[in-house]
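Contents: one structure, followed by commentary.
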Amino acid sequence: MSASTTTTKASGGGVRARIQAFGGFLTAMVIPNVGAFIAWGFVTALFIPTGWMPNEEFAQLVGPMISYMLPLLIAFTGGRLVHGARGGVIGAVGTIGLIVGAGIPMFLGAMIMGPLSAWLLKRVDRFLEPRMRAGLEMLVNNFSLGILGFGLCLLSFAAIGPGIEELNKLLLAGINALVATGVLPLLALLNEPAKVLFLNNVIDQGVYYPLGLQQAATQGKSIFFMVASNPGPGLGLLTAFLFFSKSKLIRRSTPSAILIHFIGGIHEIYFPYVLMKPLTIVGMIAGAASGIATFSLFDVGLVAGPSPGSIVSYLLLTPRGNYLGVLTGVLVAAIVTFVVTAAILKFDRFRSGSTLDEEDEGLEAAQKKSSSMKAEGRGHLASALSQTDARPTSIVFACDAGMGSSAMGASVFRKRLTKAGITDIAVTHAAIENIPIDTGLAVIQRNLVERARRVHPHLTIIPIANYLGDPALDELQEKLAAIPAPEASRDSLNG
């Protein structure tokens, strides 16, 4: 079955792909602006009255940045995703009415009004484009944006803003009730399974970040930045695999995975371990819930969303007086996950009575099942490479946001190709929705493949389980090395 003709076989997978795509859109609005969020976080952590360096003058920046700058950046980015620069401009114009007409930071409103304003302008442009006379394009475009923006600004100020503010109050009341009743740790039941299905950005950027920013605006910190990004559970899981799996394959891969996850903040690196042993999700839930409970007990939070979710980000974004609680929460989460996962692995080996070789074989079988690695990889590679004598000019590693696991995978594979003397192929990374149309091959984690096919139905995809050390990548490198380099490339190398 070719990459372009694969069809969806499960309706549940289609729903997941749509949810992933929605989360990817939210992520695409938030991720480019994370640096601005962190800048605001530093201003807050340093200069508010309870900060590290209290300063009344600099503290005046906190309010305007969170009330105006950050929502407008989100609105502009969301509008630009829908309709380019014009969409970004009208997204900001439509959102300013929400901001002025509301008494709270309008992050939720910006995520709605930015794309909505751009979508409406896109429809207006499509209607006007075939009807405008030559030479009047600039005049018509400027006035159509201005008139529509004027109307949206007034509408959002008078009607949409108050409605979203009431909705926001209901959400905050519900979340605060969870905090007050002590059941906030139960969010782990939702967060951890969603993460390993690559739905983490739906809940993180779509729900917890906006809530966290609003809470941080009034309290200078928020626990919501930590309920899904805690690196402790992943550390505990990987450490348990390192010590309690007798498989040489796992032991060789785990130390680098620990470094990439805990220091680099790329959580996707541990997802295949959970998919390989699904019962270990119990350990992840127990650890995450314990971490949230510890954070709540110490009444700690971060000043901004940690992106990536590494221990380094946690330390940099922890406000004064919160380090003990934050580090304890990470440590408790890691220990609980480690203990539960270790018990699961020990019980599984005792129950099956597996030997070292059998466990290695079991790992390989699980990896193949997880991503249809070698068999499916060969099939797609045959479709992509066997019909031509030329190498593809580009390979794109794609993931949800295009900045974490895919960037890491592209960097590692680029170095592998360079070491093998293959320098005529551009290896880049991108978000799934932003894969260039002229891409030769796309390398995508298998749980995101269906989503990629919805956006790029004719794209040739190499599905993998892990962006590092996947057999499909070994097969890809071998296939590429077997195809002669173009004459121009050989001449440049010889010259």
Side-chain angles (χ1 to χ4, degrees), residues 23-24 26-28 30-35 37-38 41-42 185 187-188 190-213 216 221-239 256-274 281 284-285 287-292 294-295 300-319 322-323 325-334 336-337 399-409 431 445 467:
L26 296 178
T27 301
V30 174
I31 289 295
N33 300 306
V34 164
F37 298 151
I38 292 175
F42 284 149
L187 290 175
L190 167 68
N191 297 341
E192 298 310 311
K195 286 174 69 174
V196 298
L197 293 176
F198 289 84
L199 300 174
N200 47 316
N201 288 316
V202 177
I203 56 176
D204 214 1
Q205 274 80 29
V207 178
Y208 297 137
Y209 268 40
L211 291 174
L213 285 166
K221 62 184 180 183
S222 176
I223 192 175
F224 297 121
F225 293 131
M226 302 188 291
V227 294
S229 64
N230 187 350
L235 174 64
L237 174 92
L238 293 171
T239 306
S256 59
I258 290 175
L259 179 66
I260 292 167
H261 163 70
F262 195 64
I263 305 298
I266 301 176
H267 290 214
E268 290 90 342
I269 197 70
Y270 74 74
F271 295 173
Y273 291 81
V274 179
I281 193 65
M284 296 298 296
I285 293 173
S290 300
I292 296 172
T294 304
F295 295 145
V300 296
L302 301 182
V303 297
S307 183
S310 75
I311 190 61
V312 176
S313 298
Y314 265 53
L315 293 176
L316 290 175
L317 297 175
T318 298
N322 282 232
Y323 278 100
V326 169
L327 291 175
T328 302
V330 173
L331 181 61
V332 167
V336 171
T337 303
C399 68
D400 191 25
M403 300 180 67
S405 54
S406 62
M408 172 190 65
Q445 212 282 340
Y467 286 95

Item to complete: Given side-chain contact (heavy atoms from CB on, under 4.5 Å), test Val326 with Leu315 step by step and report yes or no.
Response: CA-CA 8 Å; Val326 169; Leu315 293 176; 6.0 Å; no
Worksheet item: Taking the side chain as C-beta and beyond, is there a heavy-atom pair between Thr318 and Leu302 under 4.5 Å?
Response: yes
Backbone of [Y] reached by a side-chain donor or acceptor of [X] within 3.5 Å:
X      : Y      : answer
His261 : Tyr270 : no
Asn230 : Ile292 : no
Tyr314 : Gly309 : no

[X] versus [Y], closest heavy-atom pair with distance:
X      : Y      : value
Leu317 : Pro306 : CD1-CA, 3.8 Å
Gly301 : Pro319 : O-CD, 3.1 Å
Gly287 : Thr337 : CA-OG1, 3.1 Å
Ala188 : Pro193 : O-CD, 3.8 Å
Val30  : Phe37  : CG1-CE1, 3.5 Å
Gly41  : Ala304 : CA-CB, 4.3 Å

Return the [atom1] to [atom2] distance between [X] and [Y], rounded to the nearest 0.5 Å.
X      : Y      : atom1 : atom2 : result
Ser229 : His267 : OG    : NE2   : 6.5 Å
Ser313 : Ile38  : OG    : CD1   : 6.5 Å
Leu235 : Leu259 : CG    : CG    : 11.0 Å
Ile281 : Lys195 : CD1   : NZ    : 9.0 Å
Leu327 : Thr294 : CG    : OG1   : 12.0 Å
Asn322 : Met226 : CG    : CE    : 7.5 Å

Worksheet entry | Residues Leu238, Phe262; criterion side-chain contact (heavy atoms from CB on, under 4.5 Å); working and verdict | CA-CA 10 Å; Leu238 293 171; Phe262 195 64; over 6 Å; no
Item to complete: Would you please test Phe225 and Leu213 for side-chain contact (heavy atoms from CB on, under 4.5 Å) and show each step?
Response: CA-CA 8 Å; Phe225 293 131; Leu213 285 166; 4.0 Å; yes
Worksheet entry | Evaluation steps, side-chain contact (heavy atoms from CB on, under 4.5 Å), between Met408 and Ile269 | CA-CA 10 Å; Met408 172 190 65; Ile269 197 70; 3.9 Å; yes
